[in-house]
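One structure below.
It should be emphasised that the depicted structure is a prediction, and the values quoted were computed from it without experimental measurement.
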Amino acid sequence: MIAEIVHSCSNEKVAQAAVASIGSDFAGKVGATASAYGMSIGAFTAHAVRRFDQSVGEDEKKVLRQAMRGSDQPILYGLRRILLPVVETID
């Protein structure tokens with residue numbers, strides 16, 4: 001399922017739509033963070049997803065996979081979990 005997030009959300013338009021689907025509060029936080037980096041929501045999300053895929057180890061991916069399995073919307077939940085640490089670094 002992580003591969004599906006990476007594949008889908010590497011496209012900026014798909015990434016932007018996925019973030020919007022998570023909810024307006026979260027999309028607002030992602031938008032504010034993206035703006036701080038001079039990026040659109042889609043570009044920021046696509047970059048964050050690709051970076052996650054390339055930089056985290058298999059243990060972290062395993063934890064994410066397990067968390068996604070228990071969710072009603074595993075792809076959106078996984079995307080939120082990928083973005084949350086990056087979004088929380090900017091206030």
Side-chain angles (χ1 to χ4, degrees):
M1 284 191 278
I2 294 172
E4 187 174 338
I5 295 171
V6 173
H7 176 74
S8 299
C9 292
S10 289
N11 177 296
E12 291 182 23
K13 291 183 181 186
V14 173
Q16 183 169 344
V19 169
S21 296
I22 294 171
S24 60
D25 287 343
F26 187 71
K29 290 177 184 179
V30 175
T33 306
S35 180
Y37 287 103
M39 301 171 83
S40 69
I41 290 173
F44 174 80
T45 301
H47 175 76
V49 166
R50 287 190 300 266
R51 186 170 181 184
F52 172 86
D53 187 51
Q54 295 168 355
S55 66
V56 302
E58 189 54 41
D59 288 342
E60 290 179 72
K61 289 180 181 179
K62 183 178 178 180
V63 169
L64 180 57
R65 275 189 219 98
Q66 289 172 341
M68 290 168 63
R69 279 191 201 111
S71 174
D72 291 340
Q73 298 178 318
I75 302 300
L76 293 179
Y77 181 81
L79 177 60
R80 187 177 193 285
R81 290 273 304 251
I82 289 169
L83 291 174
L84 204 54
V86 181
V87 170
E88 290 181 342
T89 62
I90 302 282
D91 282 326

Say whether, by atom type as modelled, one donor and one acceptor occur between the side chain of Ser35 and the main chain of Gly31 under 3.5 angstrom.
-> no
What distance do Asp53 atom CG and Ile5 atom CD1 have between them, rounded to the nearest 0.5 Å?
-> 10.0 Å
Might you point out which heavy atoms bring Ala20 and Ala27 nearest each other, and give the distance in Å?
-> CA-CB, 4.3 Å
Rounding to 0.5 Å, atoms NZ (Lys61) and CD1 (Ile82) come to a distance of 9.0 Å
If every non-hydrogen atom of Leu76 is compared with every non-hydrogen atom of Ala18, which pair is closest and at what distance?
-> CD2-O, 3.6 Å
May I ask you to decide if Leu84's main-chain N or O and Lys29's side chain share a donor-acceptor pair within less than 3.5 Å?
-> no
Is Val6 linked to Met39 within one hydrophobic cluster, defined over Ile, Leu, Val, Met, Phe, Trp and Tyr using a side-chain heavy-atom separation of less than 4.5 Å?
-> yes
Is Val49 reachable from Ile22 through a run of hydrophobic residues whose side-chain heavy atoms are each under 4.5 Å from the next?
-> yes
Using a 4.5 Å cut-off on heavy atoms from C-beta on, say whether the side chain of Arg81 contacts that of Val63.
-> yes
Heavy-atom distance under 4.5 Å between the side chains of Leu64 and Met68, does that happen here?
-> yes
With rounding to the nearest 0.5 Å, note down the distance linking CD in Glu12 to OG in Ser40.
-> 5.0 Å
To the nearest 0.5 Å, what is the distance between NZ (Lys13) and CD1 (Ile41)?
-> 14.5 Å
Roughly how far apart are Cys9 SG and Ile75 CD1, rounded to 0.5 Å?
-> 8.5 Å
Does Arg50 reach the main-chain N or O of Ser10 with its side chain, forming a donor-acceptor pair under 3.5 Å?
-> yes
Roughly how far, to the nearest 0.5 Å, is the OG atom of Ser71 from the CD atom of Gln66?
-> 14.0 Å
Do the side chains of Phe52 and Val86 get nearer than 4.5 Å, heavy atoms only?
-> no
Check whether more than 12 heavy atoms from other residues, nucleotides or ligands sit under 6.0 Å from atom CZ of Arg65, and answer yes or no.
-> yes
If Ile, Leu, Val, Met, Phe, Trp and Tyr residues are connected whenever their side-chain heavy atoms lie under 4.5 Å apart, and connections chain through other members, are Val56 and Val87 in the same group?
-> yes
